[in-house]
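Comments concern the structure below.
One is the number of the first residue; the rest follow in order along the sequence.
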Amino acid sequence: RSGKMAKLTHFIDNDVFRAFATYTTIVLLKMMLMSLITAYFRITRKAFVNPEDTASFGKGESAKKYLRTDPDVERVRRGHLNDLENIVPFLVIGLLYALSGPELSTALLHFRIFAGARIIHTFAYLIPLPQPSRGLSWAVGYAVTISMAYKVLKTALYL
């Protein structure tokens, strides 16, 4: 099967696809958690961007002071944005990769390294850990996606 696109009828029964679905779910849940962390920081730091979000703190001028930026909120937002910039390409390329018939052990290595790198990247952003921890974790995840893209281009597409 290696080197050939998997048939759609074997999609769900494909171990590589199930591994992809597992690790995709993990990184998507992690990305969704970033939304909750952003909300937590907005509420605890009382830093909002929309006037209606400040309604519970008063009206008029007393509520305006909560329309502000906060460094902690912005840090979480940047981490979430970085997830969007890296997890979305992983989802598309990873799906194509899973369909390209890779060995299960190789696919698991790709998926696990990517998921681990994104989790480390989040901790590096939120704690924050000293550089180059965040940069290295980003680069490792990015390299995994490039590696999968190379495999797809090499085996599954007609160029």
Spacing of F48 atom CZ and D70 atom CG [to the nearest 0.5 Å]: 10.5 Å
Using the side chain to side chain donor-acceptor pair (under 3.5 Å) rule, collect all pairs that involve residues 128-144, keeping only residues at least two apart or in two chains. N86-W138
Donor-acceptor under 3.5 Å (T44 side chain, Y40 main chain): yes
If you group Ile, Leu, Val, Met, Phe, Trp and Tyr by side-chain heavy-atom gaps below 4.5 Å, do V88 and V27 land in one group? no
If you measure only the distance, is there a donor-acceptor pair under 3.5 Å linking the side chains of T54 and K64? no
Which label fits F90 and F114: parallel for a plane angle under 30°, tilted from 30 to 60°, or perpendicular past 60°? parallel
Nearest-0.5 Å distance, CE of residue M34 to CZ of residue F41: 9.0 Å
Hphob cluster co-occupancy, M31 + I120, side-chain heavy atoms under 4.5 angstrom: no
Are L126 and I87 connected, step by step, through hydrophobic side chains (Ile, Leu, Val, Met, Phe, Trp, Tyr) whose heavy atoms are closer than 4.5 Å? no
Whether the R75 and Y125 side chains hold a donor-acceptor pair (N or O, under 3.5 Å, no angle test) is what I'd like checked. no
When you compare the side chains of H110 and S147, does any donor N or O come within less than 3.5 Å of an acceptor on the partner? yes
Determine, step by step, whether L108 and Y23 satisfy the side-chain contact (heavy atoms from CB on, under 4.5 Å) criterion, reporting the C-alpha distance in whole Å, the side-chain angles of both residues, the deciding distance to 0.1 Å, and the verdict. CA-CA 9 Å; L108 280 169; Y23 287 96; 4.0 Å; yes
Please check if L136 and L109 belong to a single hydrophobic cluster, counting links between Ile, Leu, Val, Met, Phe, Trp and Tyr side chain heavy atoms closer than 4.5 Å. no
Evaluate the criterion side-chain contact (heavy atoms from CB on, under 4.5 Å) for residue pair R77 and V73; output intermediate values, then yes/no. CA-CA 6 Å; R77 288 183 68 239; V73 173; 4.0 Å; yes
Side-chain donor or acceptor of T24 paired with backbone N/O of A21 under 3.5 Å: no
Taking the side chain as every heavy atom from C-beta outward, state whether K151 and T106 have any pair of such atoms under 4.5 Å apart. no
